[in-house]
Structure formats: C-alpha cells, structure tokens
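Let me begin by presenting the structure, written as structure tokens, before commenting on it.
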Amino acid sequence: MKRYEYDVVVVGLGPAGASLVYMLRNSGLKVAGIDWVGEDKVWGKPCGDAISAGHFDRNGLPHPSGDALMQVVDGALVYSPSEEGVIRLSGEGAGYMIDRNKYGLMLLREASKAGVDIYLRTRASHPVMEGGRLVGVKATSEKLGEVEFRAKVVVDATGSGGAIRRKLPESWPTTENPPETDFVVAYRRIVELDYDIEEPDYIRLYFNVNIAPGGYWWFFPKGRRVANIGLGVQLGRGFPHPATIYREVLMKRPDVGREVRIINEAGARIPTRRPSKTMVWDGFMSIGDSAYTVDPIHGGGMGYAMTAARYAAETLVEAYTKGDFTARGLWGLNLRYMRTTGAKQAALDVLRMFLQTLTNDEIEWAIRKGLAGVDEIASVFGEGELRTTPGFLEKVSFIVRLLGKPLLLTKLVLVSEYMRKAKNLYLEYPEDIRGLEGWVERVENLYSEYRKAVGIPF
Ligand SMILES: Cc1cc2nc3c(=O)[nH]c(=O)nc-3n(C[C@H](O)[C@H](O)[C@H](O)COP(=O)(O)OP(=O)(O)OC[C@H]3O[C@@H](n4cnc5c(N)ncnc54)[C@H](O)[C@@H]3O)c2cc1C
C-alpha cells in the first residue's frame, strides 16, 4: 500500500473542503485534498445553488464570475400558502445563482497551482488510528489503488454523511446522534422550461405545509429559461419523500410542469440544526455539513461551510506555529465558529423548531400582515458577525411577535427568550476542552426545557 505524508488531509472537496484547501494554498502547510468524485462531479451534491454575495467577501473567496455565475439575484419573493400574500425582499446584487461545479473546480485549480495535492476519484474508507491517536485515513484511488494518507490533522468535509467523523471512537465527543427531526431531506430538479421566466433575478420561496411540511419549496431561476426547483421536507415525522411530492404535486403547476428537459435531478439530507458540540478533537476537524454548519431556517449551507473553512484555516496555521495538533491546539476552530456564527445558528435552531409547528393559517396570517423592520430583527441578533442579513422566516416570526395573535404571541415571547438563552450559551462556549462536558449538559438541558415550555412535539 502506498503511504503519503501531509500536514493536513482534507477529505471531501465540496464547498467546505474546496474552500479550505484554497485558503491553505499559501500557508506553508503540506496539504492534500481528496474526493471520491471526478472533475465532472466536483461540488456535484444537489443544491438550490443560491448563495448570498456577502459570504465571498467575508471569507476572502473570489466572487463567482464567467461560467460559474449563472444569475445575479436582486431579491426574493416569499409566498404565503394561498400565494395571495407575497413579501418582496429587494437587494440589488444580494446573491448569486452559481454553477457549483465550475466554481468548485476554479478553487481546486488555484489550490493545485499553489502546490496543494488534489486526489480525485479517491474514496476515504476509514480513519487510521494508532495508540488511540488519529494519524490519517485509508483511501482507495482509481489511479493509485490503496493509499494511506498520513497527516497531523484529518479534516472531515464529507458533508452530512460525516464519512470519517462517524467512524471515530465512540468515546470521542465528536460522536453525535441528533434526532431525525433535526434534518430535512431535500430534492431538486434543474430544468429547462418552455416559457420565459418573469423577473429571473428574483428567487421565489413558497411556504405551504401541505406541499413542503417542515420546510418550503422553491423556484430559483438560472437565467430566463432554466430554473432550479425543489423542496425540503422535515425528516422523522412520516412525511412523504420530496421527490414524490415534486412529481405528484408540483408537476401539476404550470410554472413547474412546463419542462422541456431535466438537466439534473437529485436529493440529499440537510442538517438544519445547531452546530455540532465540538468541531475538533485530537488530530481531527470537521467543517461544513459534517459539523452541521447549515442555517437551520433556510437550509443554506454553502456560505457557512466557507465560514467554517476560514476558521479552520486560521486555526490550522496557529496550531502549526505552536506545533500542537491536539484538541487543545485545534480548539480555536470551536471558539471562532461557536461564538459567532454558531451562536446565531443555535438561536435559529430554537426558532426553527417552533416554525415547524405552524399551521398554514398561521403562516398565511403572518405573511399577509407584512414584515417587521429589519432593524428590529438585527437588534435581536446583536452585533458583529451575528448581524447578518436575516432570513425570511426570522422576519415572519417577528411579524407574528409584533402584530400578535394571542396564542402565538405567548409562544413567541417564550421562543425569543430561548433564542436569547441559546445564543448566550454558545457565546459562552468553553475556553478549553475541560469545560466541554459541563457546557454540553447545559445545552441539552436548555433545548429539552424549551421543547417542553413551547410544546414542540418532536
Ligand atoms: C436539495 C438541496 C438544496 C440546497 N440548496 C441550497 C442553496 O440554495 N444554498 C445553499 O447555500 N445551500 C443549499 N443546500 C445545502 C448545501 O448544498 C450544503 O450545505 C453544502 O453543499 C455543504 O457543503 P459541504 O462541503 O459541507 O458538503 P458537500 O457539498 O456534501 O460535499 C461533500 C464532499 O465530500 C465528498 N465525499 C463524501 N464522502 C467521501 C468519502 N468517503 N471519500 C471522499 N470524498 C467523499 C463528496 O463527494 C462531496 O464532494 C441545499 C442542499 C440540498 C440537498
């Protein structure tokens, strides 16, 4: 068996892993990136392909351009269940519809030019442990056969499957088994349509629990005639698979059903919950979907995968300088992520559970009442990095809170109280590994107390 030595091996080259190898390209570290797909399938996991422009600036990544940029997004239309209530959110150049494959390949090529070794068609099968320490991963490469990649740090960026993370020793705190209801399964088609899409620079989100229970369905134009159309459905509650709903319900709509051809169709799971309790352990990091860094409300995960990659890159350089690749030496990733983006996502996880209990009548009412001011919302989420553009559902919840239906209002007062508590708990993420156990217990207690207080049935 071949054996290669690196400082860092990044397993999975989707938005998290490709961003990380790109960010480490001039770090002085010896880096390898591996993925089981070939060039044509890089970043090939199904996605809505929509991303806020802010993620690129924030994380020092090039904005998509040329073939990688399919559509500039100038706003979003948000529909109530009857589709008579519509909220129009405008923001010129607020986001992009991207060609994931082209953007991902660009990052990998730049990384490779700068000396990062990229191994495609190479499947990592399991971690290599020696004396209780993680020292690398075993992989099978189409070109090279069986390979052992030895590294000071193995980064799991394999998406929601967590291919390496779930094979680490059970006693490690990286082991986590969240309930199924913390995930949605989403399915989408990229289709060519036989009509011109009106306002292709506006993405559309539709909230209707009869179509997308525990999620929403979307219509995201990629130019005048091509659209990414899909839906997400909460898992663990016995709802039908979104591919079935797509075929049986959405295809009956003229805007969806008028397909000339299906360019691509696929589905996958999305973790729509707070981040994992630790993103690091001895010689190990996880980032992106593998560490549950997706926004719990809208399920967008590309931008936060990039954010996690940035914090991982900063931490790896720091660890290298100190020569400490233990959990202690890598702890900076937890501190950087949990106390900023993670704190926001922990609060949104509280809100997510509540929103997944709303009926169509309640959603209809909230959307028709219009929106609360953005300042009001921003003030709830605080300063600095927490103050990111609020997602639609956050706004809906605040409309409800401001304009009030008595029962909803009572619940929402509780929801916002627990959002604040969850955020504060993540802001108090332990300074070092010794505080982890106690902190995890406080988090678990808080969420179970919340479920009881608000009557979350899952
Ligand atoms: C239908 C759908 C729609 C979505 N819409 C949006 C959206 O519009 N905007 C948004 O921001 N997010 C969206 N998301 C979420 C987004 O796609 C993910 O959050 C994002 O892709 C996560 O990036 P990642 O790098 O962590 O994981 P992934 O994109 O899953 O990448 C993981 C990589 O690891 C590789 N891999 C896995 N196992 C192995 C192994 N054993 N060996 C080697 N390689 C391996 C895979 O081939 C893959 O390339 C959507 C998700 C779905 C399912």
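One is the number of the first residue; the rest follow in order along the sequence. For the numbers below, each heavy atom of this structure counts, side chains included, while hydrogens, waters and symmetry mates do not. As the structure is a computational prediction, the values presented were derived from the model and not from experiment. One-based numbering, in listed order, for ligands and for the atoms of each.
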Honestly, is [X] close enough over [Y], meaning NZ or CZ under 6.0 Å from the six-membered ring centre and within 45° of the axis?
| X | Y | answer |
| --- | --- | --- |
| R109 | Y22 | no |
| R165 | F284 | no |
| R247 | Y187 | no |
| R269 | F183 | yes |

Between ligand 1 and the protein, tabulate every N or O atom pair separated by less than 3.5 Å, reporting distance only.
| residue | atom | partner | partner atom | Å |
| --- | --- | --- | --- | --- |
| ligand 1 | 5 (N) | G48 | N | 2.6 |
| ligand 1 | 8 (O) | G48 | N | 3.4 |
| ligand 1 | 8 (O) | D49 | N | 3.3 |
| ligand 1 | 8 (O) | A50 | N | 3.2 |
| ligand 1 | 9 (N) | A50 | O | 2.7 |
| ligand 1 | 11 (O) | G301 | N | 3.1 |
| ligand 1 | 11 (O) | M302 | N | 3.0 |
| ligand 1 | 12 (N) | G301 | N | 3.0 |
| ligand 1 | 17 (O) | R100 | NH1 | 3.4 |
| ligand 1 | 19 (O) | D289 | OD1 | 2.7 |
| ligand 1 | 19 (O) | D289 | OD2 | 3.3 |
| ligand 1 | 21 (O) | R100 | NH1 | 3.0 |
| ligand 1 | 21 (O) | R100 | NH2 | 3.4 |
| ligand 1 | 25 (O) | P15 | N | 3.1 |
| ligand 1 | 25 (O) | A16 | N | 2.9 |
| ligand 1 | 26 (O) | D289 | N | 2.9 |
| ligand 1 | 29 (O) | R100 | NH2 | 3.2 |
| ligand 1 | 41 (N) | A124 | O | 3.0 |
| ligand 1 | 42 (N) | A124 | N | 3.0 |
| ligand 1 | 44 (N) | W36 | N | 3.2 |
| ligand 1 | 47 (O) | D35 | OD1 | 2.7 |
| ligand 1 | 47 (O) | W36 | NE1 | 3.1 |
| ligand 1 | 49 (O) | D35 | OD2 | 2.6 |

| message | Can you pull out every side-chain hydrogen bond (donor to acceptor under 3.5 Å, both in side chains) where at least one residue sits in residues 62-73? Sequence neighbours excluded, please. | response |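 The answer is D57-H63, H63-Y96.
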| task | May I have the step-by-step check of side chain to side chain contact (heavy atoms under 4.5 Å, CB included) for V440 and E444, ending in yes or no? | result | CA-CA 6 Å; V440 170; E444 279 164 8; 3.5 Å; yes
